[in-house]
Amino acid sequence: MSDQSSIPYDAVIVGAGFSGMYMLYNLRRLGLRAIVIETADDVGGTWYWNRYPGARCDVESMEYSYSFDEDLQQEWEWTERYSAQPEILEYADHVADRFDLRRDIRFGTRVTRAWWDGDSGGWVLETDAGENFRGHYCIMALGCLSVPRRPDFPGLDSFRGPWYHTGRWPHEPVDFSGLDVGIIGTGSSAIQSIPQIAGEARHLTVFQRTPNFAVPAWNRPLDADEVRAIKKNYAAFREGARWSHSGYNCDDAVGPGLEVSDNLRKSEMERRWQHGGFTILSTFDDVNTSMEVNRLFVDFAHDNIRRRVDDPETARLLSPTDHPFGTKRLCVDIDYFETYNRKNVTLVDISDDPIGRITPTGLVTEGGRTFDVDALVFATGFDAMTGPLLGIDIRGSEDLSLRDKWEAGPRTYLGLTVAGFPNMFTITGPQSPSVLTNMMSAIEQHVEWITDCLTWMRHHDLDRIEATEDEEDAWVEHTIAVGDETLYPLANSWYVGANIPGKPRVFTPYVGGFDTYRRICDRVAGDGYRTFDLGRIEPRP
Ligand code: FAD
Ligand code: N01
């Protein structure tokens, strides 16, 4: 066991996904000594862990990539409109090599505790190996979806076959051929993996508690001409994403849904559906605020399911009725609904008869229905947004515990800082736009804001920054108020923590728009960070 506490890093970053990698790159450019601590054995974060069959991005690859380096974006070649996980991981690997990032990353190491040490004016981070890392700043780049959630069904230990969680998929190939497989969940991970597993397994049983809306991806190889056109003006294209509502380029709304003509309404919905992906969400200004307008999309999606699924009862079960369209993360599918037309796929509705326990040969519902399977897949999601931060015992000034402070829900200023936790930053933290955007845009914006802030502090001979309680209270109130203007809080989604028993129900991402949010952050910086408590750490006599 070594003690790194005598090495005073300027910053300790936790997490080596796209956030931590870019943060390290930037801090090095400032000439700061930084180290990254990462649980995984390599870079990539989400794309290191989520190796399940069918995993790919749902934001187009030309946008779901770093924009900070012109040579990188010109030279890297994406092969598909929505890249698959191996290609995205290859990209992360390339970035790490290209900028020689690995030499400052400690892999295979989990941070378990972090505390503000007032005496030395810095953070101490303790790892599962018992090492301490000391840094003047602590930058949490933990990701929003990095803590997989597996329900505590009794009996799992007795199951004789293999089981997997989509968010912790093995590195070795998993072969389902000839097996009867059961999958629990019908969120994005399941919707991507079900068609793939169905194509391989002897039989696939899908256990569905709640159906989800999915729009077609219409994935395809990227056309050389369209790539050339984007790359010719990549800077302008990226600028479009930077100042957009959701962090990616998409067509503007054509107006309020009930004020446009019937013809335009229908044709625009159809056009966007045929385009694929998230552009459907911005068809009208009020898709997410007017129940009446939203209902048009619910009906549209139900019609689509009925067209794609042969059996009317299966189509009905697959049609969401419990939440407005787009208020849970919209899934982007490839052949998902058609998969239920296969003879080797069965949909089991467990909405009124939940899974009771796992047995040696499968599972049994509370109502006594038994299902035998050879292998089980948990596509049951994550303890999102707050889970990764609360997974570490973080203590600020006066030994204030983050877990205690957030007992009733997260409290942050701008989703970047927390009052009582000086010199700590949270990349894509709770109450920032994060998961409602193209996260590459959100990550770059946060990393660049933190970099600018540290540069400014250095120029002003300051080395301590902390959110004030007043600004934090106002930001929390604002994020909740903006959320309440939308239909989002109506859904039992992971956005409100509904998927984790006992988690306080709080709509956590900032839904006011990525462009609006960027303006707010820029204004705070432009005003000399006056809304923060700034100072110098006085050495103890
Ligand atoms: P992550 O990639 O989650 O990386 C965080 C890292 O921190 C992880 O490697 C983790 O091991 C490490 N870590 C966490 N806690 C600790 C600790 N205590 N100690 C040490 N290390 C720790 N977003 C989009 O915008 N578009 C998409 O298409 C998209 N697709 C997705 C598909 C899947 C399957 C999932 C799960 C998410 C997807 N997302 C997508 C969201 C995705 O998480 C982000 O786009 C992005 O990859 C997040 O990068 P990050 O570095 O912030 O976090
Ligand atoms: O997780 P989820 P995910 N018994 O929480 C069910 C990103 N992502 O991993 O809805 C039975 O969405 C649960 O049912 P219910 C994206 O942001 C992106 O799929 O709670 N079922 C639900 O069906 C996404 O939103 C992509 O009733 C149980 C499912 O498990 C986020 O990650 C791909 C259960 C969980 O769905 C999370 O997606 C993958 C229980 N006890 C992920 N507990 C792209 O496409 C849970 N469920 C880019």
Side-chain angles (χ1 to χ4, degrees), residues 13-23 36-40 42-52 54-61 63-64 82-83 85 88 92 106-114 125 127-128 140-153 165-167 183-193 207-212 214 217 246-248 278 320 322-323 328-333 350-351 354-355 378-382 384 387-389 391-392 427-428 434-443 446 491-495 498-501:
I13 301 164
V14 191
F18 287 128
S19 298
M21 291 167 74
Y22 185 37
M23 195 71 245
V36 180
I37 304 172
E38 167 59 58
T39 311
D42 209 340
V43 296
T46 289
W47 306 101
Y48 172 92
W49 296 111
N50 291 263
R51 296 166 188 246
Y52 59 83
R56 61 176 71 241
C57 54
D58 59 5
V59 168
E60 298 191 35
S61 304
E63 308 223 45
Y64 188 71
Y82 298 98
S83 296
Q85 173 272 333
I88 305 174
R106 174 69 68 91
F107 291 110
T109 309
R110 191 165 68 84
V111 172
T112 51
R113 294 204 305 141
L125 285 85
T127 72
D128 55 357
M140 296 299 191
L142 307 175
C144 297
L145 296 160
S146 56
V147 176
R149 156 88 189 151
R150 182 175 52 73
D152 308 320
F153 298 125
H165 190 291
T166 49
I183 184 166
I184 302 169
T186 45
S188 297
S189 301
I191 282 178
Q192 286 187 329
S193 54
F207 296 95
Q208 173 184 274
R209 190 164 65 180
T210 323
N212 263 300
S246 303
Y248 51 84
F278 294 138
D322 69 313
H323 64 280
K328 282 184 166 186
R329 172 78 173 200
L330 192 58
C331 304
V332 178
D333 89 278
I350 52 167
S351 55
I355 294 169
F378 292 89
T380 45
F382 301 87
L389 284 158
I392 302 174
I427 301 177
T428 67
S434 65
V435 292
L436 298 178
T437 65
N438 167 8
M439 287 206 59
M440 291 302 265
S441 302
I443 287 168
H446 266 190
N492 287 324
S493 65
W494 57 259
Y495 293 149
N499 62 328
I500 305 294

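One-based numbering, in listed order, for ligands and for the atoms of each.
For atom 10 (O) of ligand 2, the closest non-hydrogen atom on the protein side is K328 NZ, 3.2 Å.
Looking at Q192 against ligand 2, only its side chain comes within 4.0 Å, counting heavy atoms. Counting heavy atoms closer than 4.0 Å to ligand 2, residue C57 contributes backbone atoms (N, CA, C, O) but none from C-beta onward. Under 4.0 Å from ligand 2, the heavy atoms of L145 that appear belong solely to its side chain. Heavy atoms of A55 found under 4.0 angstrom from ligand 2: none, in either backbone or side chain. Of all the heavy atoms of I350, the ones lying under 4.0 Å from any atom of ligand 2 belong exclusively to the side chain. Looking at Y82 against ligand 2, nothing comes within 4.0 Å, counting heavy atoms. At a heavy-atom cutoff of 4.0 Å, ligand 2 is contacted by the side chain of F153 but not by its backbone. Under 4.0 angstrom from ligand 2, the non-hydrogen atoms of P151 all belong to its side chain.
At a 3.5 angstrom cut-off on N or O pairs, T186 counts as close to ligand 2. Distances between N or O atoms of W49 and those of ligand 1 include at least one value under 3.5 Å.
Every atom of ligand 2 with a heavy atom of I184 under 4.0 Å away is listed here by number and element: 11 (C), 21 (N). Annotation for ligand 2: atoms under 4.0 Å from non-hydrogen atoms of G185 are 6 (C), 23 (O), 29 (C), 30 (O).
For atom 9 (O) of ligand 1, the nearest protein heavy atom lies under 4.0 Å away.
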